[in-house]
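In what follows, a single structure is set out as structure tokens and then discussed.
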Amino acid sequence: MSQPLSDHTIALVKATVPALEAHGLDIVHEMYSRMFQNPEIRDLFNQSHHGDAGSQPRALTGAILAYASNIDNLGALAPAVERIAQKHVGLQILPDHYPHVGEALLGAIKAVLGDAATEEILEAWGEAYWFLANILIAREDRIYTEQKETTGGWNGWRDFRVDDVIRESSVINSFILRPADGGPVMEHKPGQYLTFWFEIPGHPPVKRNYSISSAPNGETYRISVKREPQGLASGWLHDEAEVGMILKVAAPAGEFFLGEHNERPVVLLSGGVGLTPMVAMLEALVASGAEVPVQYIHGTHDRETHAMRGHIRVLTENSKTVQVVDFHQTPLADEVKGLDYDEAGIITDEWLVANTPVAEADYYICGPRPFLRHAVSTLSLAGVASDRIHYEFFGPADELLAA
């Protein structure tokens, strides 16, 4: 268990905030350069998010700054800590990895700040790093234990066979995965993801997270993957994954999932491939016979990019509590309103506020960053309490130590 940080350490770390604001990105690039000299550590990271233009260095820079700024109010960082722990478990990060990261961080601070990084400053940052690291290690240990002890659960990488490949749209394929050992699978929380270890010829091991797009059934998982224009893993899955192929998979993880709903209405809101966790949630709500009103609102470009529409319509056609509304931003010339889609254009602020129960509903939101930011901002300004807005985004999380 981490010992409380001393007032002296807190003061020293907060004093470095101006330096982090000026040189934080340089420190992070130097930190990654040092870590990636170790292939074992390098392979924990999604390399597509790194480099001078990568999103992960910017995210980690902001996260380190947030940690330093809130070092005397760590309760504000609790949600981020849970996200980190869940992501680390998916990536199979272990206690033995933490010393490498800490050494690289302190070395980078010294290299970039030079004489300004005194021994006293480095000692304070070392103490602050291990304070957070020990919290994460303890939380991750509990998650690993829960996974191992749950029926159908496992630790490490488990072999899954591709049971079926389903073309869902012009850009999205679904993959049905069944354990190669013939055993059951642990019950995931709708909204969680699986982490995959891909061996792609000509590349180091590739790790990716994909949301589970089906409700728990004890036997299989389904992921629904969009082919990204420059996506190494998504392109490989679309081109190479076929029935019978074996994939290495870590147990379900993630802090974004459907909560218990006995009274409040539920609004599921997604854009593009952000529908994947929403379909899992919707299947679970329908299967449970949820009596609360449920709205599923989805936006995509047109009929060709609209994945799983038929499945969702069949799933909900006999439900008296579920309403589905589809937005097509630019409907094709032969699309028919009311048949292929419900509303043309994007999901506007005005429509969302006027057509959903902002005063009482729980909102679950997933999609690209611009979509997510806009939706969260709209709902917040409309008076929806922050504890009723739940969201997931794609890409690297803006948080400390996110791999």
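No experiment lies behind these values; they were computed from the predicted model shown.
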- request: Name all pairs fulfilling the ring-ring contact (aromatic ring centres under 6.0 Å, His included) condition that reach into residues 328-349, sequence neighbours left out, sorted by first residue then second.
  value: H306-H328, H328-Y341
4.5 Å side-chain heavy-atom contact, [X] and [Y]:
{"X": "H238", "Y": "V171", "answer": "no"}
{"X": "W197", "Y": "R208", "answer": "no"}
{"X": "F257", "Y": "Y193", "answer": "no"}
{"X": "K226", "Y": "S234", "answer": "no"}
{"X": "I365", "Y": "H390", "answer": "no"}
{"X": "T321", "Y": "P293", "answer": "no"}
{"X": "N173", "Y": "L237", "answer": "no"}
{"X": "V185", "Y": "E219", "answer": "no"}

Please report the interatomic distance [atom1]([X]) to [atom2]([Y]), rounded to the nearest 0.5 Å.
{"X": "I137", "Y": "R142", "atom1": "CD1", "atom2": "CZ", "result": "12.0 Å"}
{"X": "N355", "Y": "I347", "atom1": "CG", "atom2": "CD1", "result": "11.0 Å"}
{"X": "D326", "Y": "I312", "atom1": "CG", "atom2": "CD1", "result": "7.0 Å"}
{"X": "T61", "Y": "Q56", "atom1": "OG1", "atom2": "CD", "result": "9.5 Å"}
{"X": "E21", "Y": "L65", "atom1": "CD", "atom2": "CG", "result": "5.5 Å"}

Would one find more than 12 heavy atoms of other residues, nucleotides or ligands at under 6.0 Å from atom [atom1] of [X]?
{"X": "K189", "atom1": "NZ", "answer": "no"}
{"X": "Q92", "atom1": "CD", "answer": "yes"}
{"X": "K14", "atom1": "NZ", "answer": "yes"}
{"X": "H100", "atom1": "NE2", "answer": "yes"}
{"X": "E228", "atom1": "CD", "answer": "yes"}
{"X": "E291", "atom1": "CD", "answer": "no"}
{"X": "D239", "atom1": "CG", "answer": "yes"}
{"X": "E317", "atom1": "CD", "answer": "yes"}

field: From CA spacing to verdict: side-chain contact (heavy atoms from CB on, under 4.5 Å), V243, D163
entry: CA-CA 5 Å; V243 173; D163 221 31; 5.8 Å; no
- request: Look at the rings of Y129 and Y98 and say which category their plane angle falls in: under 30° parallel, 30 to 60° tilted, over 60° perpendicular.
  value: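 It falls in the tilted class, 30° to 60°.
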task: Can you label the angle between the W154 ring and the F160 ring as parallel, tilted or perpendicular, going by 30° and 60°?
output: tilted
task: Measure centre to centre between the rings of H188 and Y221, then say whether the value is under 6.0 Å.
output: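 Judged by ring-centre distance (under 6.0 Å), H188 and Y221 do meet the cut-off.
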query: Can the ring centres of W236 and F196 be said to be less than 6.0 Å apart?
result: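 Distance test on ring centres: not under 6.0 Å, no.
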Distance-only polar pair, side chains of [X] and [Y], donor-acceptor under 3.5 Å:
{"X": "T305", "Y": "S170", "result": "no"}
{"X": "S214", "Y": "N217", "result": "no"}
{"X": "T330", "Y": "D302", "result": "no"}
{"X": "Q86", "Y": "E255", "result": "no"}
{"X": "W125", "Y": "E123", "result": "no"}
{"X": "T9", "Y": "S6", "result": "yes"}
{"X": "S174", "Y": "R222", "result": "no"}

- request: Show the numbers, then the answer: is there a side-chain contact (heavy atoms from CB on, under 4.5 Å) between L285 and V322?
  value: CA-CA 9 Å; L285 287 165; V322 179; 6.0 Å; no
Which pair of heavy atoms, one from [X] and one from [Y], lies closest together, and at what distance?
{"X": "I93", "Y": "E140", "result": "O-OE1, 4.2 Å"}
{"X": "I200", "Y": "A233", "result": "CD1-CA, 4.2 Å"}
{"X": "R34", "Y": "A111", "result": "NH2-CB, 3.5 Å"}
{"X": "G383", "Y": "R388", "result": "O-NH2, 4.1 Å"}

field: Listed partners of D349 passing salt bridge (charged side-chain N to carboxylate O under 4.0 Å, His left out), at least two apart
entry: none
message: The criterion is ring-ring contact (aromatic ring centres under 6.0 Å, His included); which residues satisfy it with Y363, sequence neighbours excluded?
response: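 Per chain and number, Y363 pairs via ring-ring contact (aromatic ring centres under 6.0 Å, His included) with no residue.
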